[in-house]
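Side chains are part of it too, since the values below use all heavy atoms of this structure and drop only hydrogens, waters and symmetry mates.
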Amino acid sequence: MQKASVLLFLAWVCFIFYAGIALFTNGFLLTRLELTNYSSCQEPPGPGSLPWGSQGKPGACWMASRFSRVVLVLIDALRFDFAQPQHSHVPGEPPVSLPFLGKLSSLQRILETQPHHARLYRSQVDPPTTTMQRLKALTTGSLPTFIDAGSNFASHAIVEDNLIKQLTSAGRRVVFMGDDTWKDLFPGAFSKAFFFPSFNVRDLDTVDNGILEHLYPTMDSGEWDVLIAHFLGVDHCGHKHGPHHPEMAKKLSQMDQVIQGLVERLENDTLLVVAGDHGMTTNGDHGGDSELEVSAALFLYSPTALFPSTPPEEPEVIPQVSLVPTLALLLGLPIPFGNIGEVMAELFSGSEDSQPHSSALAQASALHLNAQQVSRFLHTYSAATQDLQAKELHQLQNLFSKASADYQWLLQSPNGAEATLPTVIAELQQFLRGARAMCIESWAHFSLSFLLLHLLAAGIPITTPGPFTVPWRAVSAWALMATQTFYSTGHQPVFPAIHWHAAFVGFPEGHGSCTWLPALLVGANTFASHLLFAVGCPLLLLWPFLCESQGLRKRQQPPGNEAEARVRPEEEEEPLMEMRLWDAPHHFYAALLQLGLKYLFVLGIQILACALAASILRRHLMVWKVFAPKFIFEAVGFIVSSVGLLLGIALVMRVDGAVSSWFRQLFLAQQR
């Protein structure tokens with residue numbers, strides 16, 4: 001059996017497994033078609049007249065703008081309890097003392113002194129809770145795919161309709177400062193930008209201090225319409241020290257001073273938005289869907305009254321994507337085409353002096369525009385692909401048709417509107433929430449293609465004749481040792497447990513703008529056990545020979561050949577140990593092929609078990625926290641192991657070729 005034939009056959013089997021993994025990944029993980037359609041002022045989201053507030057006003061689009069400017073302060077990893085107001089403790093109970101509590105005191109003071117001007121929300125984040133995916137959600141209003149988590153090292157430009165695109169199309173001046181992830185997501189979109197490298201999590205101050213150097217001068221210059229500042233110190237502090245470290249209190253106090261400075265400079269036509277893109281665990285990590293990771297803070301403030309009522313006792317919980325349609329309509333922009341968020345209707349109620357009827361009508365108008373946009377998106381998306389469930393889609397469209405008809409009747413019959421308004425608002429909200437729930441559910445489905453390909457690969461015969469056979473128990477134990485080493489070195493198959501500090505081994509000052517090198521270092525640290533055991537797998541062929549006792553072994557002679565054996569006593573000695581591999585090269589290569597197939601089969605059984613668990617429990621509450629990450633780690637581990645196995649077998653063949661050449665030269669020299 002030729003060396004190249006063994007390697008090619010193993011590579012073909014690996015390819016079958018790779019194809020199966022790819023098919024399952026596309027069929028199971030959150031996947032969707034990214035539409036390139038764009039909303040525009042010239043094309044309303046649906047039939048019917050535009051809201052009464054947008055008619056006849058200069059610069060009005062779908063709805064008249066309520067604000068001319070927005071300051072968006074994005075504090076990376078601003079968990080909700082970092083901003084939550086601290087109430088006085090119950091008498092008799094010891095007060096809770098944590099470094100991060102009560103450090104954003106300016107928020108609590110504003111909420112108490114200006115209750116109609118500000119509101120604090122608990123922003124519910126969709127997993128995965130990595131920065132790049134959260135930025136996509138905060139600008140498009142859609143759901144980034146789960147597998148995009150791997151793109152957190154190297155972001156790619158957003159092709160879907162988004163707020164930044166709508167702002168630049170409307171001629172608004174967008175100024176950005178902070179995390180350089182935005183540079184890759186929105187290339188050339190900003191009228192002025194100050195980017196700072198974001199990957200060095202050991203550096204708590206460079207990005208934040210760079211922003212502060214430009215923030216207030218830019219704001220005072222007035223040469224902006226939308227000002228975005230993305231601070232990273234809180235997130236980096238969490239990665240480096242955790243949320244309970246005194247450094248976290250220091251960073252939050254710095255952010256509190258930033259918010260105070262911005263509030264003092266705000267004009268009446270400006271809205272301040274302070275938001276966290278995600279939370280963090282008790283260890284300061286993020287990426288999964290634990291309660292602490294998906295709970296972020298969202299604070300809104302304006303010098304003019306925003307809300308007709310005072311804040312509730314407990315902050316309202318809203319989906320993070322709800323900020324996208326809300327900001328779009330408040331700024332007089334079209335809602336991005338692929339948005340599935342629901343407008344925060346309370347922001348369209350008017351001031352505290354507004355009449356209840358007019359406030360409710362304004363809310364209904366905003367919700368109806370939002371519902372028209374989502375209905376248009378669902379119609380376009382379902383025409384392009386069959387991802388969405390037809391039955392639920394039909395029910396939602398019927399619900400929207402009824403709500404839209406009720407809304408149009410409400411506009412034409414103002415006398416009976418007061419009793420009908422709450423019903424219309426409830427119907428529109430039911431449609432929007434149902435549409436979002438359907439999209440989340442439909443973009444996570446299972447494909448049997450993986451199982452078919454896996455069974456095809458597993459069905460390849462792996463029993464070959466020959467004297468060099470490694471038992472199944474040895475191959476299984478070797479594969480299990482690779483897994484045991486993965487866990488014993490402190491790794492776990494979840495994203496928050498990744499050893500990100502490995503990216504700085506040998507590079508304490510960071511990597512600058514390079515992203516592939518830290519990704520390579522983290523990957524090598526995570527999957528080192530898979531690689532080392534796979535490369536060393538061919539050594540299992542040599543181990544039985546090393547265990548043999550030294551001494552001469554007699555060849556087995558067939559009956560009746562005793563006389564011939566006495567004539568040629570030099571042939572009585574059988575080659576010892578690994579010399580027998582060189583003595584039978586064809587059997588040796590067949591044994592290598594058999595060993596490689598057995599190892600791939602054991603690894604394939606592991607990933608098949610993960611795929612089955614993820615598919616059977618795909619509607620389980622913990623699917624995105626446990627089963628999907630486990631499958632991703634197992635899939636990447638299989639790819640690393642298979643490549644390592646091919647390299648190990650190629651290396652053994654190369655050594656065997658060199659030893660054989662040396663022996664031939666040695667025999668020729670002896671014959672001379």
Side-chain angles (χ1 to χ4, degrees), residues 26-27 30-51 54 61-63 126 136-137 139-145 158-163 165-166 169 319 321-329 333-343 345 364-411 423-445:
N26 290 330
L30 280 174
T31 55
R32 61 183 176 87
L33 177 67
E34 291 188 343
L35 301 179
T36 56
N37 305 61
Y38 290 92
S39 299
S40 66
C41 291
Q42 292 74 28
E43 184 180 355
S49 59
L50 290 172
S54 64
C61 190
W62 293 0
M63 177 175 277
D126 296 305
K136 283 187 174 182
T139 53
T140 64
S142 61
L143 294 176
T145 57
I158 295 178
V159 298
E160 291 182 285
D161 196 5
N162 57 81
L163 278 178
K165 171 72 175 177
Q166 291 294 340
S169 298
V321 291
S322 295
L323 185 62
V324 174
T326 303
L327 286 181
L329 293 184
L333 298 171
I335 300 175
F337 190 91
N339 164 74
I340 59 171
E342 173 192 342
V343 291
S365 299
L367 286 168
H368 185 251
L369 276 174
N370 189 189
Q372 284 184 313
Q373 169 265 317
V374 171
S375 176
R376 181 183 65 177
F377 166 71
L378 293 179
H379 177 75
T380 306
Y381 189 90
S382 60
T385 181
Q386 303 301 317
D387 287 355
L388 302 179
Q389 300 178 20
K391 182 178 178 181
E392 292 189 21
L393 183 62
H394 181 68
Q395 293 174 348
L396 283 173
Q397 293 295 3
N398 289 339
L399 177 60
F400 170 72
S401 298
K402 183 179 183 305
S404 184
D406 291 344
Y407 173 77
Q408 296 298 334
W409 178 86
L410 182 149
L411 295 180
T423 304
V424 173
I425 291 176
E427 290 175 344
L428 292 170
Q429 289 177 331
Q430 182 183 357
F431 166 75
L432 290 168
R433 293 167 188 175
R436 180 172 176 271
M438 181 191 66
C439 289
I440 293 175
E441 183 178 1
S442 298
W443 291 334
H445 63 271

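- Between the side chain of Thr380 and the main chain of Arg376, a donor-acceptor pair closer than 3.5 Å is present.
- Contact record, Ala371 with Leu428: CB-CD2, 3.9 Å, taken as the closest heavy-atom pair.
- With hydrogens and angles disregarded, no donor-acceptor distance shorter than 3.5 Å links the side chain of Glu160 to the backbone of Gly338.
- In this structure, Leu367 and Val424 have side chains that are not in contact, with every pair of non-hydrogen atoms separated by 4.5 Å or more.
- Counting heavy atoms from C-beta on, the side chains of Pro45 and Leu369 come closer than 4.5 Å.
- The nearest pair of heavy atoms linking Ala435 to Leu396 is CA-CD1, 3.7 Å.
- Among residues two or more places apart in sequence or in another chain, the salt bridge (charged side-chain N to carboxylate O under 4.0 Å, His left out) test is passed with Arg436 by Asp126.
- Evaluation of the side chain to side chain contact (heavy atoms under 4.5 Å, CB included) rule for Leu399 yields Gln430, Phe431 as partners, not counting sequence neighbours.
- Residues satisfying the side chain to side chain donor-acceptor pair (under 3.5 Å) criterion with Asn37, sequence neighbours excluded, are absent altogether.
- Listed by chain and number, the residues in a side chain to side chain contact (heavy atoms under 4.5 Å, CB included) with Ser322 are Pro319, Glu342, Met344 (sequence neighbours excluded).
- In this structure, the side chain to side chain donor-acceptor pair (under 3.5 Å) partners of Thr385, at least two apart in sequence or on a different chain, are Asp387.
- Judged purely by atom type and a 3.5 angstrom limit, Asp161 uses its side chain to pair as donor or acceptor with the backbone of Ser39.
- Gln395 is linked by a side chain to side chain contact (heavy atoms under 4.5 Å, CB included) to Lys391, counting only residues two or more places apart in sequence or in another chain.
- Between the CD atom in Glu43 and the CZ atom in Phe337 there is a gap of 7.5 Å [rounded to 0.5 Å].
- Using a distance-only test at 3.5 Å, with no hydrogens or angles considered, a donor-acceptor pair links the side chain of Trp62 to the main chain of Ser40.
- At least one donor-acceptor pair closer than 3.5 Å links the side chain of Thr140 to the backbone N or O of Lys136.
- Partners of Glu427 according to the side chain to side chain donor-acceptor pair (under 3.5 Å) rule, which considers only residues two or more places apart in sequence or in another chain, are Lys402.
- Every residue meeting the side chain to side chain contact (heavy atoms under 4.5 Å, CB included) condition with Ala384, not counting sequence neighbours, appears here in chain and number order: Leu33, Leu35.
- The side chain to side chain donor-acceptor pair (under 3.5 Å) test applied to His379 returns no partner, not counting sequence neighbours.
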